[in-house]
Amino acid sequence: MGFLDAILGRSKPVRPDLDQLFALPSAAITLEAGAGFTPTGLGSVCFASVEGGAFTQLQQDVRSLLDADTERGGVPVEFSQDSYGYTWLLARQPADDVAGLVNDLHAVNTLLQDGGFGPQLLCSLLGFQDAEGRSLALVYLYKRGTFYPFAPLPGGDKRDNGLELQVRGLLGDDLRIETELNRWFPVWGAPGL
């Protein structure tokens, strides 16, 4: 960072640290013990699609990698597009295999990053639910290298801010939590939530 950047208040962007995803199994234990939320076995990665053969081939490579266990009863990954045009990949593992799901999400992120499509990565999320049926996601912001909780309320575009703040306090020692609340973007209708 240069002198002019410091004077103008510009900061150097945080480099993504995909290994932060490996803190999720520990955070899942803390979340269950502290708030009663258990993993759903669903996780997803969101990215902006690009046209071209290289990106299409990379998507096929991701599908091949994650669908390798379908012959042994594994569930194939699903690709979908949201109303904003972003592509979501939904991965499934047994609810008690958070580590396996995190490995899948990490593999997708790594393949996209190593294939030169890191700038297209937006976020990854891991889904949770409590005994009352409330949903919660821990969202990893790729470009910030941080996590935040997202707790949608049923039946609309409202979120449970109190629960999100409670989870922030609960997981502060487990995950690198995004400090700027305005970056806690809603991910309405995200696969895996």
Side-chain angles (χ1 to χ4, degrees), residues 11 13-18 20-21 23-25 27-28 30-32 34-50 62 77-93 95 98 101-102 104-106 108-109 112-113 117-193:
S11 61
V14 176
R15 285 202 35 86
D17 181 5
L18 291 178
Q20 292 293 316
L21 291 170
L24 283 169
T30 303
L31 191 56
E32 183 173 2
F37 280 86
T38 57
T40 61
L42 302 173
S44 55
V45 176
C46 181
F47 52 93
S49 294
V50 294
V62 166
V77 297
E78 297 173 20
F79 285 92
S80 63
Q81 230 175 13
D82 65 18
S83 60
Y84 298 104
Y86 294 111
T87 300
W88 288 86
L89 174 139
L90 176 65
R92 293 181 164 98
Q93 289 289 344
V98 176
L101 185 55
V102 167
D104 287 351
L105 298 177
H106 187 274
V108 171
N109 280 287
L112 287 166
Q113 179 178 279
F117 297 102
Q120 276 68 38
L121 280 165
L122 300 175
C123 68
S124 296
L125 67 84
L126 193 66
F128 294 84
Q129 197 168 40
D130 70 359
E132 299 169 22
R134 294 184 300 172
S135 294
L136 174 75
L138 294 178
V139 181
Y140 176 73
L141 289 172
Y142 179 80
K143 289 175 177 47
R144 304 275 299 169
T146 57
F147 292 88
Y148 67 91
F150 176 66
L153 290 170
D157 290 346
K158 295 189 189 251
R159 54 202 290 188
D160 188 341
N161 298 106
L163 176 59
E164 291 175 358
L165 294 174
Q166 175 191 355
V167 169
R168 175 184 70 175
L170 191 62
L171 297 180
D173 291 335
D174 292 292
L175 300 175
R176 186 185 301 160
I177 301 292
E178 176 58 52
T179 57
E180 296 180 35
L181 297 182
N182 63 336
R183 294 195 182 268
W184 291 21
F185 304 110
V187 285
W188 306 116
L193 186 60

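Note that these values count all heavy atoms, side chains included, but never hydrogens, waters or copies made by symmetry.
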> Glu180 side chain to Asn182 main-chain N or O, any donor-acceptor pair under 3.5 Å?
no

> Okay, side chain of Ser44, backbone of Gly192: is any donor-acceptor separation there less than 3.5 Å?
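Not a single qualifying donor-acceptor pair exists.
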
> At their closest point, which heavy atom of Arg183 faces which heavy atom of Leu141, and how far apart are they?
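Taking every non-hydrogen atom into account, O-CD1, 3.6 Å.
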
> Output the distance between atom CG (Leu165) and atom CG (Leu170), rounded to the nearest 0.5 Å.
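Reported to 0.5 Å precision, the distance equals 12.5 Å.
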
> Quick one: sort the Tyr84 and Tyr86 rings into parallel, tilted or perpendicular, breaks at 30° and 60°.
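The arrangement is tilted - the two ring planes meet at 30° to 60°.
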
> Could you go through the side-chain contact (heavy atoms from CB on, under 4.5 Å) check for Trp88 and Cys123 one step at a time?
CA-CA 10 Å; Trp88 288 86; Cys123 68; 4.0 Å; yes

> Are the side chains of Asp104 and Val45 in contact, using a 4.5 Å heavy-atom criterion?
no

> Could you tell me if the side chain of Leu136 sits less than 4.5 Å from the side chain of Pro149, heavy atoms only?
yes

> Taking atom CZ of Arg176 and atom CD of Gln20, what is their separation to the nearest 0.5 Å?
4.0 Å

> Would you check if Arg159 and Pro186 make a side-chain contact, meaning some heavy-atom pair closer than 4.5 Å?
yes

> Which class fits the ring pair Phe150 and Trp188: parallel under 30°, tilted 30 to 60°, perpendicular over 60°?
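Perpendicular.
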
> Within the 4.5 Å heavy-atom criterion, are Phe47 and Leu122 side-chain neighbours or not?
no

> Counting only N and O atoms by type, is there a donor-acceptor contact under 3.5 Å from the side chain of Thr87 to the main-chain atoms of Cys46?
no

> Nearest 0.5 Å, what's the CD-CD1 distance between Glu164 and Ile177?
11.0 Å

> With side-chain contact (heavy atoms from CB on, under 4.5 Å) as the test, would you mind laying out the steps for Leu18 and Tyr140 before giving the verdict?
CA-CA 9 Å; Leu18 291 178; Tyr140 176 73; 4.2 Å; yes

> Rounded to the nearest 0.5 Å, how far does CZ of Phe128 lie from CG of Leu42?
11.0 Å

> Assess the residue pair Leu163 and Phe37 against the criterion (side-chain contact (heavy atoms from CB on, under 4.5 Å)); give the C-alpha distance rounded to whole Å, side-chain angles, the decisive distance to 0.1 Å, and a yes or no.
CA-CA 11 Å; Leu163 176 59; Phe37 280 86; 3.5 Å; yes

> Of all the heavy-atom pairs spanning Leu90 and Pro191, show the shortest one and how long it is.
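Nearest heavy atoms, Leu90 then Pro191: CD1-C, 3.8 Å.
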
> Within this structure, what is the CG-CG distance for the pair Leu24 and Leu126, rounded to the nearest 0.5 Å?
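If I round to the nearest 0.5 Å, the distance is 5.5 Å.
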
> Which heavy atom of Leu101 sits nearest a heavy atom of Ala91, and at what distance?
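Distance-wise, the nearest heavy atoms are CD1-O, 3.6 Å.
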
> Please determine whether side-chain contact (heavy atoms from CB on, under 4.5 Å) holds for the pair Trp184 and Thr146, giving the CA-CA distance in whole Å, both sets of side-chain angles, and the decisive distance to 0.1 Å.
CA-CA 10 Å; Trp184 291 21; Thr146 57; over 6 Å; no

> I want to check something: taking the side chain as every heavy atom from C-beta on, are Leu171 and Leu138 in contact at a cut-off of under 4.5 Å?
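Yes, at least one pair of side-chain atoms sits under 4.5 Å.
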
> Determine whether Tyr148 and Leu181 make a side-chain contact, defined as any pair of heavy atoms from C-beta on separated by less than 4.5 Å.
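SC-SC contact between Tyr148 and Leu181 ruled out.
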
> Taking C-beta and beyond as the side chain, do Pro25 and Val102 meet within less than 4.5 Å on heavy atoms?
yes

> Any donor-acceptor pair under 3.5 Å linking the side chain of Ser135 with the backbone of Leu193?
no

> Distance from Asn109 atom CG to Ser124 atom OG, nearest 0.5 Å?
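The distance works out to 3.5 Å.
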
> For the residue pair Leu105 and Val108, establish whether any side-chain heavy-atom pair is separated by less than 4.5 Å.
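Counting from C-beta outward, Leu105 and Val108 never come under 4.5 Å.
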
